Amino acid sequence: MKRWTAALTGILGVAAALAAGHLVAALVGPTASPFLAVGNTAIDFTPGPLKDFAIRAFGVHDKLVLLVGMAVVLLAVAVAAGLLSRRSALPGTVLAVALGLVGVAAVLHRPDLGQLAVLAPVAAGVAGVLVFRWLHGLAAHPGRASASRRGFLLAAGASAVAGVAGRFLGTRTDVEGSRRAVGDLTPAEPAPPIPDGADFAADGTPGFITRNEDFYRVDTALSVPRLRAEDWVLRVHGMVDRELTLRYGDLRDRPLVERTITMTCVSNEVGGPYTSTANFVGVPLRDVLLEAGVRAGADQLFSTSADGWTAGTPVDVVLEEDRGALIALGMNGEPLPVEHGFPARLVVPGLYGFVSATKWVVDLELTTFEARSSYWLDRGWGQRAPIKVMSRIDRPKGLSAVRGRVVVAGVAWAQPVGVAKVEVRVDGGGWQPTRLSTAVNGSTWRMWRVELDLAPGAHTVECRATDGAGSTQPSERVDPVPDGATGWHSIFFTVE
Ligand SMILES: Nc1nc2c(c(=O)[nH]1)N[C@H]1C(S)=C(S)[C@@H](COP(=O)(O)O)O[C@H]1N2
Ligand SMILES: [Mo]
């Protein structure tokens, strides 16, 4: 068998396997698609430091990088399997079975998939073996070049059709339709309007409210859970006096409240971008918990997403009257975007997202920290993770050249107490005050700016914030793991 023919049998065998798996997955659970299941499982098994590196290096593209990487590896494996099978179909067959088994293992590992879901990787393995062996048989007979060509085309075409059909069936749950049907989520208690002067966007800070398209996104979901509002149910149970089962309509018919909240990710490095602000609309989480009646001794609110991700939030924090924790349904005047948790998510001001902000939330269990441990806790991150006071310089940009008077501007946050002061210092000199933007509330970020008269040449500017309780951001550089970075952001630039 020619080399390229052999390679092609391998590639088409794998393509057929993926397509068959994808098609069957559309019927038994979209994330059972072997490629996605393996990817999701790989994410769960990736050692913490590597995952942190991926978030640092690839940011919001981390998942794309993983998928592309997997595709490249799979292609290489397919080509190798084909080449190894030039004499006998056995190596390729063994490999197809092995890949099927990897898929089965991955699907069984996923917390969001039932037993039936193994049908998808099984179908993938069977289709891979059959198609590979069939093409191999055709290609092994030198006299039948045209039959073999037809076979190759047929396999490629059938795989494409099955893959597209799987994609079509898999997205047939009309989530966007469900989102549109939700209509306006008009708050009975709207957030106060954002005052003029709440940001220094003209000087290079972010605008006060982050548009939904620009809101940072961090989660472990390779394919976003697709839940329709009308099918969504939230169970509240565990150490409660009465269990609650809440449907979307139950929540949206309540008097909704709107709160302006800045969310922050624990994996944000000093100077990093993982913080954004929105007007969230929803139901006070505290009210729901009081209705259920939290029993004495329950210190953890353990929340679970539709895709099996979990977070553990201190009960004392979510029960604080002034905290303003929400079961959010909407964001910036529309139902939550699907990537941000539609139909419902938690938002708890003042806590990093990984211990509080469960998207696609379907289960709230009142329990203890002793009894259950959540997704990131199992991977070496902290148990209690209040947001640390932090400030960032947005302008000038690092290594840039500036002319004339220098405007230095940025953002600071210290939810839920708020920012009281931001100072800067130049070239290690004395700390100087900056002007703060108009305060909105303690659970939101605050912008700052200062004009400096600097001599031409190279300069370094550092900033530090002080929160409303009087704590000043420490200089000590600490990594994001396990409970948030500390240190002063500094920018190096030149004045011309
Ligand atoms: N279901 C689910 N919810 C999740 C996560 C996740 O991986 N899965 N990540 C959390 C983390 S670490 C953060 S910082 C916030 C980010 O929310 P956003 O993507 O809407 O900005 O969501 C939280 N909620
Ligand atoms: Mo996060």
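Each ligand, and each atom within it, is numbered from 1 in the order the structure gives. Along the sequence shown, residues carry numbers from 1. Just so we're clear, the structure is a prediction, and the values are computed from it rather than from any experiment.
- For ligand 1, the 4.0 Å heavy-atom shell contains residues Phe215, Tyr216, Arg217, Val218, Asp219, Thr220, Met263, Cys265, Ser305, Asp307, Trp309, His340, Arg345, Gly353, Phe354, Ala357, Thr358, Lys359, Trp360.
- Among residue pairs with one or both ends in residues 339-357, none qualify as salt bridge (charged side-chain N to carboxylate O under 4.0 Å, His left out); sequence neighbours excluded.
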In residues 409-421, what donor-acceptor pairs under 3.5 Å come from side-chain atoms, sequence neighbours left out?
residue	atom	partner	partner atom	Å
Gln415	NE2	Thr262	O	2.7
Gln415	NE2	Thr264	OG1	3.0

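- Aromatic pair Phe215/His340: ring centres closer than 6.0 Å.
- A salt bridge does not link Arg247 with Asp250: none of the charged nitrogens is closer than 4.0 Å to a carboxylate oxygen.
- Arg323 has no carboxylate O lying under 4.0 Å from a charged side-chain N of Asp316, or vice versa, which leaves the two without a salt bridge.
- Legend: salt bridge (charged side-chain N to carboxylate O under 4.0 Å, His left out) pairs involving residues 288-311, not counting sequence neighbours, sorted by first then second residue: Asp241-Arg295, Arg254-Glu291.
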